[in-house]
Amino acid sequence: MSAQHACCHAEDGKARDPICGMSVDTTGAKHRSDYAGETFYFCCAGCKAKFDAEPARYAQNAPKTMAIHSSTHAMHKHEHHEPAIAIPGATYTCPMHPEVQQDHPGDCPKCGMALEPMMPSLDEDDTDEARAAWRRLWLLIMLTVPVFLLAMLPHAGVHVPHAWSGMAGWSEALLASVIVLWGGAPFFARGWRSLKPWQPNMYTLIALGTGVAWLYSAFAFLVPQMFPAGFRDMHGQVGVYFESAAVIVTLVTLGDFLEWRARRRTSAALKALLGLVPKTARRLSKGEEQDVPLDEVMAGDVLRIRPGEKVPVDGVVLSGHSQVDESMLTGESMPVTKDEGDPLTGGTVNQQGALTMRVVKVGASTVLSQIVAQVAQAQRSKAPLQRVADRVAAWFVPVVIAVAVLAFAGWALLGPEPRLAHALIAAVSVLIIACPCALGLATPISIMVASGRGAQQGLLFKDAAAIETMRYVDTLVLDKTGTLTEGKPSLKSIEVFDHYERKQLLALAASLEQASEHPLGKAIIGAAREEGVDIPAVVDPATIDFRAHVGGGVSGQVQGHRLAFGNASLMEQLGISLEADALAKAEDLRGEGATVMFLAIDGKVAGVFSVSDRIKQDTPQALLSLNAAGLRIVMLTGDHATTANAVARALAIDEVHAEVSPAGKAAVIEALRKQGQRVAMAGDGINDAPALAVADIGIAMGHGTDVAMETAQVTLVKGQLGGILRARALSKATVRNIRQNLFFAFIYNALGVPLAAGVLYPLFGITLSPMIAALAMSLSSVSVVGNALRLRGASVGWVSGA
């Protein structure tokens with residue numbers, strides 16, 4: 001059976017979908033396509049549509065996406081070192097060098113490590129790969145044990161009968177050769193590839209060390225008469241080191257296996273998030289209900305969510321009343337009440353009543369997908385601390401090779417007999433014990449684990465630099481609306497001037513605000529709808545000419561009138577005078593903590609609108625904890641000073657900057673930074689974007705605008721200030737973990753390389769065998785990964801502080 005044919009037709013009547021890799025029963029498959037003389041089967045219409053659009057691409061990838069159905073096939077795959085199974089559409093990158101990216105599995109050209117998918121996939125099934133790697137390791141162990149025993153028994157006083165000595169020698173040589181040439185083939189291949197771009201790495205050292213040990217032993221075993229006296233012991237024999245080469249290969253394979261298994265756990269948080277979304281959705285169409293695959297759901301579809309079911313995609317409630325568990329998104333265990341018009345997020349769980357929803361976002365545009373994408377991006381970015389490791393790694397391997405050469409020369413000139421044999425062992429030990437892999441993994445592995453931990457706590461870091469920088473923050477600048485307050489203001493009152501009517505003013509203001517996404521504008525629209533006011537259509541270009549004034553308000557033309565709706569600064573900007581009675585009324589309303597907006601019609605103020613926004617329930621306690629952590633708290637708002645001061649008094653905030661434009665907010669942040677402060681800015685609106693960009697750390701509220709979240713380095717999914725302390729605590733724990741990893745890697749090499757070179761031999765007669773060096777080298781990488789995994793249980797509770 002050809003590879004392509006095997007991909008499409010399995011012997012047990014099963015086929016592998018070339019798009020998603022799912023198993024499909026060929027006997028009852030509804031979705032199939034013929035291409036290039038082969039029949040391809042699909043799990044759903046969505047996969048078939050993707051294939052039909054680009055059949056050549058997916059047909060070519062089909063053999064790679066085929067599952068391995070037998071253990072024999074799996075073992076054969078690994079014995080010949082074929083590429084890992086590819087995930088269609090995936091991009092593969094190196095855990096240590098995120099700049100290395102390609103569309104298929106392979107090894108990193110810089111460090112030799114196996115590339116991993118940038119985005120985890122639930123379709124990715126590495127069970128067969130894990131089993132094959134485990135079998136390979138055990139086969140190497142079973143071959144290595146007799147080699148080790150044959151070499152060590154004479155040193156333990158067990159003498160092999162003379163008649164059997166020849167057979168024992170050949171057995172040791174042949175078994176060791178199989179181990180080195182078969183088991184070590186991946187190391188030799190990676191070491192060779194590192195020489196082409198001249199970027200020597202860990203596998204360069206391993207290949208050089210084991211290759212020298214095996215070649216020397218092979219020549220010493222086959223043609224001992226070629227070796228001078230410097231290689232012979234007191235009995236005139238030339239020693240062989242087959243056991244060292246064999247044990248090194250097995251131990252390095254063990255270390256790679258343990259490290260690979262530990263690294264797989266770093267994506268567990270993302271896979272757990274991906275697994276929250278159901279595979280199907282119950283779609284309502286023409287009065288009928290039908291369960292359809294999730295990839296067939298489109299924006300605008302109507303879905304039914306029954307009690308106990310997960311919400312499949314993002315949308316809004318059309319009808320029904322229920323409690324929805326959003327803990328996967330916010331970390332809060334209390335369910336949230338959902339009624340008509342409320343948003344629903346894919347992956348959350350409907351607890352009680354039945355809901356119908358209209359789909360708004362699907363696929364990569366959903367909140368959950370964006371969270372996973374952002375966390376994956378942060379995991380693959382480089383932290384500033386990584387620069388230290390990069391600088392060291394650049395010259396590390398050449399220095400190790402130089403030390404190995406010096407060790408050989410020193411032992412050859414000054415060592416005991418057989419001097420050249422001791423020199424060879426010292427050089428091989430130096431090459432094997434050096435481990436740039438541990439050094440390179442020290443930072444990225446901690447960042448990967450911390451990003452996943454943050455996602456579980458509702459903290460999204462844009463990149464590794466944000467995780468590292470967050471711990472330095474000593475000044476926190478807070479926007480008012482949507483940050484300190486709920487961001488869901490409601491219309492409190494309308495003061496009418498001249499001959500206008502209240503509903504007329506409300507309709508005109510709402511007509512402008514339909515094109516705005518500011519919370520204050522939403523309050524106006526909500527009030528108009530509640531009162532049944534007829535709002536002029538915003539979609540008719542002849543009806544409205546809309547313009548947003550960032551930090552000021554909105555203006556436009558509606559039903560033949562020139563309208564302006566916003567704060568006093570907007571009125572001044574447009575040359576509209578404010579009468580004394582309007583100003584007096586506005587000041588009274590601000591004193592009550594309300595935000596005031598003026599509506600001008602044809603250049604004259606026609607009404608004063610007051611909007612109130614409740615302070616978030618968790619804000620007072622969060623501010624107390626932030627103060628206790630030593631943070632300087634500053635309120636920075638575009639609202640009027642009277643309103644801002646009223647809110648500040650209620651929250652015991654001493655430093656307030658009010659009536660500040662978006663550019664002015666950025667200027668205040670710059671001034672604080674020039675004072676030597678490390679500033680974090682938290683906001684949620686378009687007008688906060690400039691300030692978020694210039695702050696050391698921009699923090700966006702998860703319910704805010706897309707512009708704010710794209711500009712910020714940290715997003716608080718729940719939108720609660722307590723998340724700032726969680727982020728700060730996680731940052732401190734992560735940097736502490738990175739420093740521990742770097743210390744482990746540096747101290748390991750600082751002590752291990754001189755020990756392997758034999759610096760203790762003149763004083764204590766201590767040397768380090770290549771086998772012990774290989775064990776230490778393998779454990780160094782595993783220890784770094786294991787230490788980083790401790791971050792998965794790091795305490796980042798915001799009440800306990802940083």
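One-based numbering along the sequence shown.
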Minimum side-chain heavy-atom gap [X]-[Y] below 4.5 Å:
{"X": "I699", "Y": "Q713", "answer": "no"}
{"X": "T210", "Y": "F187", "answer": "no"}
{"X": "Q740", "Y": "R790", "answer": "yes"}
{"X": "T734", "Y": "I447", "answer": "yes"}
{"X": "P416", "Y": "W411", "answer": "yes"}
{"X": "I433", "Y": "V753", "answer": "yes"}
{"X": "P186", "Y": "R136", "answer": "yes"}

Quick check: closest heavy atoms across [X] and [Y], and the distance to 0.1 Å?
{"X": "F242", "Y": "A176", "result": "CB-CB, 3.6 Å"}
{"X": "A404", "Y": "A427", "result": "O-CB, 3.6 Å"}
{"X": "F148", "Y": "V247", "result": "CD1-CG2, 4.1 Å"}
{"X": "A680", "Y": "V473", "result": "CB-CG1, 3.6 Å"}
{"X": "L730", "Y": "A450", "result": "CD2-O, 3.6 Å"}
{"X": "V449", "Y": "A788", "result": "CG1-O, 3.5 Å"}

Gap separating the [atom1] atom of [X] from the [atom2] atom of [Y], nearest 0.5 angstrom:
{"X": "L149", "Y": "S171", "atom1": "CG", "atom2": "OG", "value": "12.5 Å"}
{"X": "D696", "Y": "T469", "atom1": "CG", "atom2": "OG1", "value": "7.5 Å"}
{"X": "F408", "Y": "L413", "atom1": "CZ", "atom2": "CG", "value": "9.5 Å"}
{"X": "I697", "Y": "R471", "atom1": "CD1", "atom2": "CZ", "value": "10.5 Å"}
{"X": "T250", "Y": "L140", "atom1": "OG1", "atom2": "CG", "value": "4.5 Å"}
{"X": "Q677", "Y": "D474", "atom1": "CD", "atom2": "CG", "value": "4.5 Å"}

Can you list everything that forms a side chain to side chain contact (heavy atoms under 4.5 Å, CB included) with I747? Sequence neighbours excluded, please.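 If we apply the side chain to side chain contact (heavy atoms under 4.5 Å, CB included) test to I747, skipping adjacent residues, the hits are F743, L751.
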
Got a donor-acceptor contact below 3.5 angstrom from the Y761 side chain to the L755 backbone?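 No, Y761 side chain to L755 backbone: no donor-acceptor pair under 3.5 Å.
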
For T253 and V249, indicate whether the former's side chain and the latter's backbone hold a donor-acceptor pair under 3.5 Å. yes

Do S446 and N741 meet the criterion of a side-chain donor-acceptor pair at a distance under 3.5 Å? yes

Yes or no on side chain to side chain contact (heavy atoms under 4.5 Å, CB included) for L174 and V178, after CA distance, side-chain angles and deciding distance? CA-CA 6 Å; L174 291 175; V178 171; 5.7 Å; no

Residues passing the salt bridge (charged side-chain N to carboxylate O under 4.0 Å, His left out) test with R736, sequence neighbours excluded, are none

Ring geometry between F221 and W170 (parallel below 30°, tilted from 30 to 60°, perpendicular above 60°): perpendicular

Please assess W192 against F188 for the test side chain to side chain contact (heavy atoms under 4.5 Å, CB included), listing each intermediate value before the final yes or no. CA-CA 6 Å; W192 175 254; F188 291 116; over 6 Å; no

Take R453 and L791, measure what side chain to side chain contact (heavy atoms under 4.5 Å, CB included) needs, and give me the verdict at the end. CA-CA 7 Å; R453 175 64 171 159; L791 283 171; 5.6 Å; no

What's the verdict on side chain to side chain contact (heavy atoms under 4.5 Å, CB included) for V212 and L424, showing C-alpha distance, side-chain angles and the deciding distance? CA-CA 8 Å; V212 168; L424 180 67; 3.3 Å; yes

